[in-house]
J.: 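I'd like to ask you about the structure that follows.
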Amino acid sequence: MENINNITVLFGTLITLLLSVVAYFIKQLHTDFKSMGKDLVEVKTMALIIKTEFKSGNDLLNQKVEYLEKRVHNIELTILKNQDYEK
């Protein structure tokens, strides 16, 4: 009888220890998911900032190209007018 009680106590202790280990790893996993969520928010924010900077840079570049196209067009008109007057 005493032998059965010892085995029961041993199994109870072993099960408690294993459940404690599982609970520890689940807690660590939960902490990792929380930090991963925070990192994901940071990545989304950085991606939005980069997208905004790229869009504003692209808009500025398009404005410069339009301005240069107008200047080239005006210069071409001026050259054509001068050629017409020389004839």
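In what follows, residues are counted from 1 in the order of the sequence shown.
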J.: Among T78, V72, N74, find the one that has a side chain to side chain contact (heavy atoms under 4.5 Å, CB included) with E76.
T.: V72
J.: Should L29 and M36 be counted in the same cluster of Ile, Leu, Val, Met, Phe, Trp and Tyr side chains packed under 4.5 Å apart?
T.: yes
J.: Would you give the length of the straight line joining atom CD of Q63 to atom CG of N58, rounded to the nearest 0.5 angstrom?
T.: 10.5 Å
J.: Do I4 and I7 sit in the same hydrophobic cluster, where Ile, Leu, Val, Met, Phe, Trp and Tyr count as joined when their side-chain heavy atoms come under 4.5 Å apart?
T.: no
J.: State which residues pass salt bridge (Lys or Arg N to Asp or Glu O under 4.0 Å) with K55; sequence neighbours excluded, sorted by chain then number.
T.: D59
J.: Look up atom OG in S56 and atom NZ in K51, then write down how far apart they are to the nearest 0.5 Å.
T.: 12.5 Å
J.: Output every pair passing salt bridge (Lys or Arg N to Asp or Glu O under 4.0 Å) with a member in residues 13-42, not counting sequence neighbours, ordered by first then second residue.
T.: none
J.: Would you check if L10 and N6 make a side-chain contact, meaning some heavy-atom pair closer than 4.5 Å?
T.: no
J.: I need the F33 CZ to H30 NE2 distance, nearest 0.5 Å.
T.: 10.0 Å
J.: Using a cut-off of 6.0 Å, state whether more than 12 heavy atoms not belonging to N3 lie near its atom CG.
T.: no
J.: Distance from L48 atom CG to K44 atom NZ, nearest 0.5 Å?
T.: 11.0 Å
J.: Which of these, L17, L18, L19, T13, sits in a side chain to side chain contact (heavy atoms under 4.5 Å, CB included) with I15?
T.: L19
J.: Applying side chain to side chain contact (heavy atoms under 4.5 Å, CB included), can you list everything that pairs with E66, at least two apart in sequence or on another chain?
T.: none
J.: How long is the straight-line distance from OG1 of T45 back to CG of L40, given to the nearest 0.5 Å?
T.: 9.5 Å
